[in-house]
Amino acid sequence: MWCAWIMKARSPMPYEEKWAKRWLEERVFEADPIPGAPKIFVCVPYSYQNAPLHVGHGFTYTRGDAYARFKRMQGYNVLFPWAWHWTGEAVAGTCERLKRGDEAVKRMLVEIDGVPEELLEKFTDPAFVTRYYTEENREVVKAMGFSVDWRREFYTTDLHPYYSRFIEWQYITLRNLGYVAKGRHPVVWCPRCESPTGDHDRLVGEGVSPEEYTLVYFKLDEYDAFLAAATLRPETIFGVTNIWINPRSEYVLIEVDGKRLIVSRQAAEKLQHQMKVKVTERIDPEKLIGKFAEAPITGVRIPIFPADLVDPDFGSGVVYSVPAHAPYDYAGIVALRRNEERLRRYGIKEIVESIKPISIIRVPGYGDYPAVEEVERLGITSDTDPKLEEATKTIYSKEFHSGVMKENCGEYAGKSVAEARDLMKQRLIELRLGGVMWELPEKVVCRCGTETVVKIVEDQWFLRYSDPEWKRKVKEHIMRMNIYPEEARQWFLNVVDWLRDWACARKTGLGTRLPWDPNWIVETLSDSTIYPALYTISKYLNLGIVKPEQLTFEVLNYVYLGAGDPSEIAARVGLSESILRQMREEFLYWYPVDMRISAKELVPNHLTFYIFQHVAIFEPRHWPRGIGVNGMVKIEGEKMSKSKGNFIPLKRAIEIYGADATRMTLLLAAEDLDDPDWRDKNAREAMRMLETILKICEQVASIEEAEESEADAWLLSTLQRRIERITSNMEVLKTRTAASEAIYGLYNDWKWYLRRNGGRIGRAARIFMETWIKLLAPFIPFTAEEAWSILGKSGFVSLERWPEPDKRLINEVVELREEILTRLMEDVRSIIEVYRRNPRRVIIYLAAPSKIRMLEKALEILDARPHNPVGELIRWIMSERIIEAKKAPNMARLIFDLISAYSSRYAREAILEVAKSEKTFYERARDFLERELGALVEIYEEGAEGIYDPRGKALSALPLRPGIYVE
RNA sequence: GCGGGGGUAGCCAAGCCUGGUCAAAGGCGCAGGACUGAGGCUCCUGUCCCGUAGGGGUUCGUGGGUUCAAAUCCCACCCCCCGCACCA
């Protein structure tokens with residue numbers, strides 16, 4: 001019933017569909033345990049099914065697939081499975097918006113995601129949406145040629161017949177181990193929607209998260225109550241000189257936890273989301289002003305002053321004033337002193353005059369009163385000057401990072417500001433002279449238009465990632481893992497350090513219910529951690545060998561942990577013992593995951609959780625072995641996003657360029673943590689390249705072999721080096737380098753070979769071609785299969801053995817000769833270019849035998865690693881009278897320049913052999929040179945009889961670098 | 001702010017760990033030529049500046065330093081990108 005809606009991605013490359021079909025039909029990528037055979041388990045994170053897969057997915061997946069294919073060809077038994085993520089709240093959110101008739105959602109679905117309009121009505125059902133995309137994306141994954149064992153496929157949530165059983169097992173196990181616990185935590189909350197307001201659900205305030213303020217209670221002489229001031233800097237209590245309240249705001253008396261507190265009316269409302277608050281009466285601020293209150297800890301009595309700078313909508317609407325270290329406070333005092341009307345009205349003139357900043361923090365670069373200095377430096381004159389914000393930031397940060405508490409701070413004296421801050425907060429709370437208030441540093445407005453507050457969610461289930469012991473184990477394992485690129489390792493370690501407890505359950509969306517508390521649904525990132533383990537047995541469920549209901553806690557405990565007696569367990573669930581044992585064996589065979597490949601956005605969450613959960617649940621031998629991290633795709637240099645309209649679904653890429661060109665474009669775009677840039681130009685170039693490869697293949701397949709030449713030896717020799725480089729790069733997931741070598745590196749070799757061979761195709765061509773196709777197979781598998789069949793090969797190149805470099809075919813002499821030949825051509829061209837005329841004759845002078853002896857000596861000297869090799873060679877040249885003494889130093893230098901280019905890459909023997917056989921070599925290459933240079937080529941040896949040398953160029957001849965004269 | 005990555009020629013991007021072979025791979029773009037009926041295909045050549053001889057000069061975010069020698073090592077600074085938790 002689904003197929004009617006799903007349009008297959010049609011590649012413009014006619015052969016792609018054919019091979020995709022054959023791979024499936026012949027079950028090429030289905031992997032079962034082979035006892036004794038080495039295995040590799042490669043996987044990529046499953047994607048959330050709320051949209052079509054895009055080229056960003058394509059990048060990560062292609063890397064994963066290329067690695068899987070590479071390892072498969074190397075002879076490993078490779079498992080590369082696939083699944084779909086349905087868990088989460090986003091789809092439900094979209095469905096809701098659609099239900100409400102949101103035009104933007106409709107447009108996005110139809111225009112960007114390509115959903116048929118008549119289906120929109122069904123898109124109000126989350127399950128339908130995820131199913132729809134799964135059906136569509138599965139076709140895309142197949143069309144991309146990912147080498148998946150489809151028998152193991154599943155999707156998540158309790159809509160699936162058995163996935164939730166796995167999640168339940170995971171969470172019961174985690175809870176039994178003490179890794180799941182209940183707690184409370186602050187969220188940005190929309191009072192109207194009665195739900196947390198995530199970043200993507202906001203009209204205003206993206207990226208804003210709750211900040212923790214400390215409430216400091218100041219005992220009032222009257223009301224038998226406390227003024228509760230909210231602050232980010234409780235350590236400054238030693239410097240308090242007064243309290244600020246806003247005379248134009250409303251204040252209320254509230255009861256919290258048996259304490260009577262005074263805060264602004266607005267603050268009282270907000271606090272109701274964070275604690276049990278009872279509002280008892282209104283308080284007139286006018287009556288408070290001029291009164292005194294007692295500061296906690298210090299016991300100092302301080303006056304209450306009016307200030308407009310106090311915002312009743314922010315914090316508690318009560319501020320305590322530390323003019324020495326808080327620019328706002330200092331500016332407030334200054335402003336109040338000038339406000340005769342207020343001073344008179346409240347009768348506080350004298351007391352205000354007497355206020356002196358109290359210095360309590362020593363900070364490098366400032367005197368006793370940093371706030372005063374900063375206010376004066378910026379020329380701030382009013383307490384509403386916007387520059388105060390900047391001043392506050394500067395002081396806050398300076399004091400936090402390098403401030404030390406002064407002697408007048410009691411037991412906190414000498415401690416850093418950062419340390420004192422935490423201790424003071426703790427102490428105030430202990431003494432019940434303070435509390436915690438969460439506040440948003442900026443306004444956040446929900447998509448529904450309501451301004452949000454901070455709510456403390458009670459009874460929230462957490463994964464206890466803050467557990468030091470758990471962290472330690474995870475970090476130790478990270479140190480041992482294969483992580484590519486290496487830079488990502490430190491990142492992981494930092495993330496582990498920084499990770500707090502993770503709220504692992506939600507009230508809404510699709511997913512699996514917590515088995516012991518079904519009001520909660522396991523959160524999306526929390527349910528997608530150890531599921532690679534499910535791949536090892538999902539085959540049994542999908543093939544109907546095991547029934548979903550047989551996947552009990554006991555069964556899973558046995559399969560994954562080896563717990564319990566298999567025959568008893570099997571009997572209890574009505575499963576044959578051998579099947580149960582086989583599942584255990586299969587898990588043991590495939591696990592651990594050898595390589596998990598993902599984009600870097602998942603480092604701070606999924607990938608780290610993945611390690612945590614494995615470390616918690618499984619035996620150490622089953623902990624993940626390798627992780628590969630990559631960048632995130634950009635489109636023509638810009639971030640890809642649906643709103644920008646530069647969103648490229650994989651399906652569309654396939655339809656325009658074909659799967660292989662898409663794969664190739666992505667692979668060549670970046671590796672390591674760099675962000676690949678998708679460019680249409682590059683994709684079109686990739687298409688042409690694929691055609692070219694097939695053309696070359698046809699040529700090689702059809703043409704009769706010419707006689708073997710030196711070019712054949714060169715082609716095979718250089719091929720070995722390519723094999724080596726591609727292989728070693730693939731081992732460390734340098735997919736870009738590897739693909740580039742495999743595609744362009746070998747292509748350039750081929751071009752040179754043809755050129756050098758005058759277009760003749762020799763014996764090496766076929767060997768080269770076969771090897772080339774194999775080397776291409778992990779990257780552009782469709783084209784590789786097609787090429788393989790063009791060569792007349794049967795079977796799949798995907799299953800061929802990966803080439804290994806054959807040392808015997810490496811021929812340094814031949815390689816070096818090609819190198820000096822190209823060097824010669826470059827030199828000649830460079831001369832012609834300056835000469836600016838087409839040459840008729842090019843004369844080449846080869847170095848005299850005495851100079852070859854000089855080269856030999858130079859190599860000897862270099863081997864001995866003396867202090868002054870050049871000097872030694874000069875002395876030798878002069879003693880042997882190779883050249884007139886005056887020119888010896890220059891000659892020596894030239895020789896060393898020359899061999900420095902070769903000596904590290906070529907053996908001494910090879911260099912000498914090439915030098916000694918230059919004459920015959922250039923004679924053989926003469927036809928080629930004439931063809932290339934479009935001129936007659938003559939070759940002489942320096943000092944030979946009858947030499948034609950009108951400009952004395954023979955003298956400049958060096959071994960491996962002949963003299964040149966152009967006419 | 002904290003953490004991670006990065007700044008290389010017209011563009012994209014390698015090189016940097018393991019200094020010299022680096023005026024700096026490869027691709028794109030551009031220019032010239034070959035092929036062709038023609039070409040938006042393919043191939044060759046060139047593409048920092050100067051030069052009628054293979055050379056010289058100035059370059060690899062900025063400023064210092066180490067070294068016989070630095071794109072590569074060290075220090076400081078500037079700029080850009082990404083993540084920072086209830087979104088997956």
Side-chain angles (χ1 to χ4, degrees), chain A residues 45 47-48 50-51 85 87-91 93 185-188 195-201 207 209 393 396-397 400-401 457 460 465 485-488 490-495 497-506 523-526 528 600-606 629 631-632 634 636-637 639 668-677 679 681-682 684-686 688-689 691-692 695 736-737 740-741 743-745 747-748 751 754-755 823-824 826-837 868 896-905 932 951 953 956 961-966:
Chain A
S47 64
Y48 188 51
N50 68 334
H85 203 196
T87 310
E89 297 162 291
V91 167
H185 78 138
V187 294
V188 179
S195 66
T197 310
D199 236 12
H200 302 285
D201 295 326
S209 50
K393 269 197 181 134
Y396 182 99
S397 147
F400 179 78
H401 289 104
V457 178
Q460 170 73 55
Y465 288 150
E486 187 55 40
E487 304 95 88
Q490 189 55 47
W491 190 3
F492 275 111
L493 291 170
N494 292 339
V495 169
D497 273 334
W498 154 96
L499 208 61
R500 304 196 303 258
D501 288 348
W502 182 261
C504 64
R506 293 292 130 80
E523 179 268 339
T524 169
L525 282 170
S526 309
S528 56
K600 62 187 174 185
E601 58 175 346
L602 298 188
V603 169
N605 42 66
H606 164 71
V629 183
M632 290 162 70
K634 296 191 167 185
E636 311 285 340
K639 195 176 165 162
L668 291 176
E671 66 196 1
D672 295 349
L673 295 180
D674 294 334
D675 294 330
D677 189 6
R679 282 174 190 264
K681 270 259 155 54
N682 294 357
R684 297 199 183 275
E685 157 59 23
R688 280 198 293 274
M689 191 64 208
E691 264 174 56
T692 304
K695 231 178 273 169
R736 177 199 151 101
T737 306
S740 166
E741 283 279 322
I743 296 164
Y744 288 110
Y747 174 58
N748 287 332
K751 279 197 291 189
L754 275 190
R755 216 172 132 186
R823 176 79 193 258
L824 175 77
E826 277 167 23
D827 283 348
V828 173
R829 286 203 172 105
S830 151
I831 293 166
I832 291 170
E833 207 186 318
V834 181
Y835 187 59
R836 283 190 190 142
R837 258 178 279 168
N868 182 2
F896 275 109
D897 278 355
L898 185 72
I899 57 179
S900 75
Y902 300 129
S903 64
S904 64
R905 287 177 297 137
E932 289 286 325
R951 288 185 65 166
K953 285 290 168 184
S956 67
R961 196 163 187 210
I964 300 161
Y965 173 59
V966 174

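In the text below, chain A, chain B and the rest are named by the order of the sequence lines, each starting its count at 1. None of the values given here were measured: they were computed from a predicted structure.
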Who does [N] pair with, Watson-Crick or G-U, both distances under 3.5 Å?
| N | answer |
| --- | --- |
| B:rG83 | B:rC2 |
| B:rC68 | B:rG20 |
| B:rG39 | none |
| B:rG29 | B:rU47 |

State, to 0.1 Å, how close [X] and [Y] come at their nearest heavy-atom pair, and which atoms those are.
| X | Y | result |
| --- | --- | --- |
| A:Val629 | A:Pro485 | O-CD, 3.5 Å |
| A:Arg500 | A:Tyr465 | O-CB, 3.4 Å |
| A:Leu525 | A:Ser528 | O-OG, 3.3 Å |
| A:Glu89 | A:Tyr48 | N-OH, 4.0 Å |
| A:Val603 | A:Trp491 | CG1-CD2, 3.7 Å |
| A:Pro604 | A:Trp498 | O-CZ3, 4.2 Å |

*If a protein heavy atom is under 4.0 Å from the base, mark B; if only from the sugar-phosphate, S; if neither, -; do that for nucleotides 11-29 of chain B going 5' to 3'.*
-SSS------B---B-SSS
_If you assign A:Arg755 and A:Val828 each to the RNA chain B nucleotide with the nearest heavy atom, which residue ends up on the more 5' nucleotide?_
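Comparing both residues, the 5'-ward one is A:Arg755.
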*Which comes earlier along RNA chain B counting from the 5' end, the contact point of A:Ser830 or that of A:Gly88, where each point is its nearest nucleotide?*
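Going by which nucleotide is closer to the 5' end, it is A:Ser830.
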*Answer yes or no: does a side-chain N or O of A:Asn494 lie under 4.0 Å from OP1 or OP2 of B:rG4?*
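Answer yes for this pair, as a side-chain N or O of A:Asn494 is under 4.0 Å from OP1 or OP2.
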*Does B:rA85 have OP1 or OP2 sitting under 4.0 Å from an N or O in the side chain of A:Ser209?*
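For A:Ser209, the contact criterion (side-chain N or O under 4.0 Å from OP1 or OP2 of B:rA85) is met.
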Checking all strands, does [X] fall into the base, sugar-phosphate, or nothing category for heavy-atom contacts under 4.0 angstrom?
| X | answer |
| --- | --- |
| A:Glu486 | nothing |
| A:Gly963 | base |
| A:Pro485 | nothing |
| A:Phe400 | nothing |
| A:Leu668 | nothing |
| A:His606 | nothing |
| A:Ala90 | sugar-phosphate |

Indicate yes or no: does [X] engage [Y] in a salt bridge with an N to O separation below 4.0 Å.
| X | Y | value |
| --- | --- | --- |
| A:Glu932 | A:Arg755 | yes |
| A:Glu487 | A:Lys600 | no |
| A:Arg736 | A:Asp674 | no |
| A:Arg688 | A:Glu685 | yes |

Tell me the interatomic distance from [X], atom [atom1], to [N], atom [atom2], rounded to whole angstroms.
| X | N | atom1 | atom2 | answer |
| --- | --- | --- | --- | --- |
| A:Leu499 | B:rA85 | CG | C1' | 8 Å |
| A:Trp491 | B:rG6 | CH2 | C1' | 13 Å |
| A:Leu673 | B:rC81 | CG | P | 17 Å |
| A:Glu833 | B:rG55 | CD | P | 13 Å |
| A:Tyr48 | B:rA88 | OH | C1' | 7 Å |
| A:Arg684 | B:rU42 | CZ | P | 14 Å |
| A:Glu487 | B:rG5 | CD | P | 6 Å |
| A:Glu601 | B:rA85 | CD | C1' | 14 Å |

Counting only side-chain heavy atoms from C-beta out, which of [options] sits nearest to [X]?
| X | options | value |
| --- | --- | --- |
| A:Gln490 | B:rU52, B:rG4, B:rA88 | B:rG4 |
| A:Arg951 | B:rC81, B:rA88, B:rA53 | B:rA53 |
| A:Trp502 | B:rG54, B:rA85, B:rG46 | B:rA85 |

What's the gap between [N] and [M] when it is taken at their [atom1] atoms, as a whole Å value?
| N | M | atom1 | result |
| --- | --- | --- | --- |
| B:rU52 | B:rC12 | C1' | 37 Å |
| B:rC81 | B:rU18 | P | 31 Å |
| B:rU42 | B:rG83 | P | 38 Å |
| B:rU59 | B:rC22 | C1' | 11 Å |
| B:rA34 | B:rG39 | C1' | 14 Å |
| B:rC11 | B:rC78 | C1' | 24 Å |
| B:rG55 | B:rG61 | P | 26 Å |
| B:rG10 | B:rU62 | P | 14 Å |

*Measure distances between side-chain N and O atoms of A:Asn605 and base N and O atoms of B:rA88, and say whether any donor-acceptor pair falls under 3.5 Å.*
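Answer is yes: a donor-acceptor pair is held.
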